[in-house]
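One structure is given below, encoded as structure tokens.
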Amino acid sequence: MLSLEQIVRDPEKIRAALVRRGEDPPIERILELDTSRRELIQQVDADRARRNAVSKAIGDEKRKPTAEEISEMRETGERIKLVEADLDGVQTELNEALLPLPNTPLSDVPDGLNEDSNEIIHTSDGPTESHGNAHWDVAPALGILDLEAGASISGARFFVLKGKGAKLQRALAAWMLDVHTNEHGYTEIDPPLLVRPETMLGSGNLPKFRENLYHDDETDLWLVPTAEVALNALHQGKIIDPGVLPLKYVAQTPSFRKEHAAAGRDVRGIKRVHQFEKVEMFRFVEPQDSEAVLEEMLGEATTICERLGLTYRVLKLCAGDIGFQSAMTYDIEVWSPGSAEWLEVSSISTCTDFQARRNNTRYRPEIGASTRLPHTLNGSGLALPRTWIAVIENGLQDDGSVVIPEEIVPYTGWDRIEAAP
RNA sequence: GGAGGGGUGGCAGAGCGGUUGAAUGCGCUUGUCUUGAAAACAAGUAUGUCCGUAAGGGCAUCGCAGGUUCGAAUCCUGUCCCCUCCGCCA
């Protein structure tokens, strides 16, 4: 959520920032609503102050109220209720206007309304040739991926990993978690995957993106589309004590996405599926640190690509392509020699104070100081099926076997997936 | 699923419907004392919001939502969560 205070203070600045994203925010309406909100608050507070004063006087004097007082206070009470109802309506409308507004992009974010304007800011050394053996052909032949079984169990865009394929994914995830916890200082978290509507609201997934989320009607719980949702909520409604920030969390969880918007795209293989594993990094930091931390997290994710021997590139997303809650995002893509394309394996964003405000997560900079909103950052480190694809396709040998990256061998216990007989 | 108990400030823990935003203790901050520290003593110590340049003042909040009342932390209804016991179960 954007700061109402900031919108009121500098409406044109906020409007301009949102226009960069292709939004047309109802700024005038918000300003109107805020004005009447303030008026109504003043009215109702004055009446309540009057009522409190009379009641207190009666109490202090240990006497019965007079008939006159009773009728006046009844009248005041009625008026309070009426104005409260008005105020409630205004607050609700204001919320409904504010909640669908996305975060404002940082000035560093390139202009542009779609992915064509994203800037490639770095491409690693390494091969970018194609051998044409895509994972959807190679992996089933090796007996490590069963797309038909996924479809028959659950439907399109579900898959089954088998044998060394399943273990490779587990090994990759375990290794990534170890790198982030042991070398990057993250605390490992195993969060719930079903979350309450308030939690989805806090991360920015609701109310706008409900059509992409799985939901259980009976319990009104939502399946997380990323661990970010749960990690972001770890301190909701809480004040983080002085000296505690920065907080660094990492979790490996499944992510559940309906992918309605992407119907027809990436339908072959496991590039885009309804359920996938992902290692997610998440940080709560002091505002002045967030821009530097974004770069740091980018490094933590690219390290993973490098150590797996994958060719990758880094994109700085343009204003129109960053996520709803993001103020600035880097995407990391790895080269798939099988399908001759770049696969997005990580998205690293700063959400500035946008999520903290929605979640009512605050921190106290020092003892006795007033509370402030921390900045939140999230980044995949990395998404597993696409990393798995790249590892398989990159490790593919002329004899049909697949060589596993050296770093992963201690986790798999073997260094090669044998060619199919 | 059945039966009972409970949700109050950072924590513990009081609170006859009326000077209770809330006793008391602990913790924390500052000050006095001390070479320094401890102890002791004194003062302070919730969050949000509105008005105000500020000083300051108003309002709201005792899980949450309603209701009764001139007045609700205290009474009533609903709801969520936690604990204990029984049942069931990975």
Side-chain angles (χ1 to χ4, degrees), chain A residues 1-10 30-95 97-99 190-202 206 215-222 230 233-245 247 254 284 353-374:
Chain A
M1 183 139 65
L2 297 176
S3 157
L4 177 60
E5 198 190 320
Q6 273 179 40
I7 294 175
V8 171
R9 199 188 321 129
D10 198 347
I30 289 170
L31 295 178
E32 273 171 34
L33 286 166
D34 182 60
T35 302
S36 54
R37 173 181 144 267
R38 285 164 193 266
E39 283 170 9
L40 292 170
I41 285 174
Q42 287 173 44
Q43 279 180 43
V44 81
D45 278 3
D47 272 335
R48 289 202 278 226
R50 168 75 182 145
R51 181 173 71 182
N52 289 346
V54 172
S55 296
K56 185 169 191 298
I58 294 166
D60 286 351
E61 293 158 22
K62 298 189 192 330
R63 62 177 172 80
K64 293 275 184 212
T66 65
E68 210 174 319
E69 280 168 337
I70 289 176
S71 74
E72 189 203 336
M73 286 305 104
R74 278 196 182 141
E75 212 175 290
T76 306
E78 289 309 311
R79 194 163 56 234
I80 288 171
K81 273 186 189 166
L82 287 174
V83 180
E84 274 176 345
D86 287 351
L87 181 57
D88 206 54
V90 169
Q91 299 268 33
T92 303
E93 205 181 325
L94 199 48
N95 252 328
L98 250 23
L99 277 175
D190 189 358
L193 307 177
L194 285 160
V195 304
R196 309 193 311 158
E198 292 82 356
T199 302
M200 279 295 181
L201 204 69
L206 283 178
H215 179 252
D216 175 51
D217 292 329
E218 193 189 346
T219 55
D220 195 18
L221 291 172
W222 298 79
L234 233 30
H235 301 280
Q236 64 189 157
K238 293 285 194 302
I239 299 170
I240 298 165
D241 285 333
V244 173
L245 293 181
L247 286 164
F284 293 88
D353 60 11
F354 188 84
Q355 288 179 323
R357 185 174 295 105
R358 285 187 162 227
N359 265 318
N360 194 22
T361 298
R362 290 156 293 160
Y363 80 102
R364 202 182 296 284
E366 45 197 286
I367 293 166
S370 56
T371 60
R372 296 188 65 187
L373 295 166

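When reading the values below, keep in mind they use all heavy atoms of this one structure, side chains included, and skip hydrogens, waters and symmetry mates. Please read these numbers as outputs of a predicted model, since none were measured by experiment. First the proteins, then the strands, lettered A, B, ... as listed; each starts at 1.
B:U61 is paired with B:A46 under the criterion used here, namely a Watson-Crick or G-U wobble arrangement in which both key atom distances are under 3.5 Å. Pairing for B:A3 is with B:U84, a Watson-Crick or G-U wobble pair whose two hydrogen-bonding atom distances lie under 3.5 Å. B:U19 makes up no base pair with any nucleotide shown, lacking Watson-Crick or G-U wobble contacts both under 3.5 Å. The base-pairing partner of B:C41, taking Watson-Crick or G-U wobble contacts with both distances under 3.5 Å, is B:G31. Under the Watson-Crick and G-U wobble criteria, each requiring two contacts below 3.5 Å, nucleotide B:A72 is left unpaired.
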Could you pull out the protein-nucleic contacts involving nucleotides 65-68 of chain B (nitrogen or oxygen on both sides, under 3.5 Å)?
residue : atom : partner : partner atom : Å
B:U68   : OP2  : A:K81   : NZ           : 3.3

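The gap from the C1' atom of B:A22 to that of B:A40 amounts to 29 Å, rounded to the nearest Å. B:A14 and B:G6: their C1' atoms are spaced 16 Å apart (whole Å). Separation of the C1' atoms belonging to B:G63 and B:U74 is 16 Å when rounded to the nearest angstrom.
In this structure, of B:U47, B:G18, B:C50, it is B:C50 that holds the atom nearest to the side chain of A:I41. The side chain of A:I239 approaches B:U47 more closely than any other nucleotide in the set B:U19, B:U47, B:C70. Distances from the side chain of A:R364 to the nucleotides B:A46, B:C50, B:G18 place B:A46 closest.
Closest heavy-atom contact between A:L98 and A:I7: CD1-CD1, 3.8 Å.
Base engagement by A:I58 is indicated by at least one non-hydrogen atom pair under 4.0 Å involving a base atom.
Near RNA chain B, meaning a heavy atom under 4.0 Å from it, residues 64-78 of chain A has A:P65, A:I70, A:M73, A:R74 in order of number. Within residues 44-54 of chain A, the residues having any heavy atom under 4.0 Å from RNA chain B are, by residue number, A:D45, A:R48, A:A49, A:R51, A:N52.
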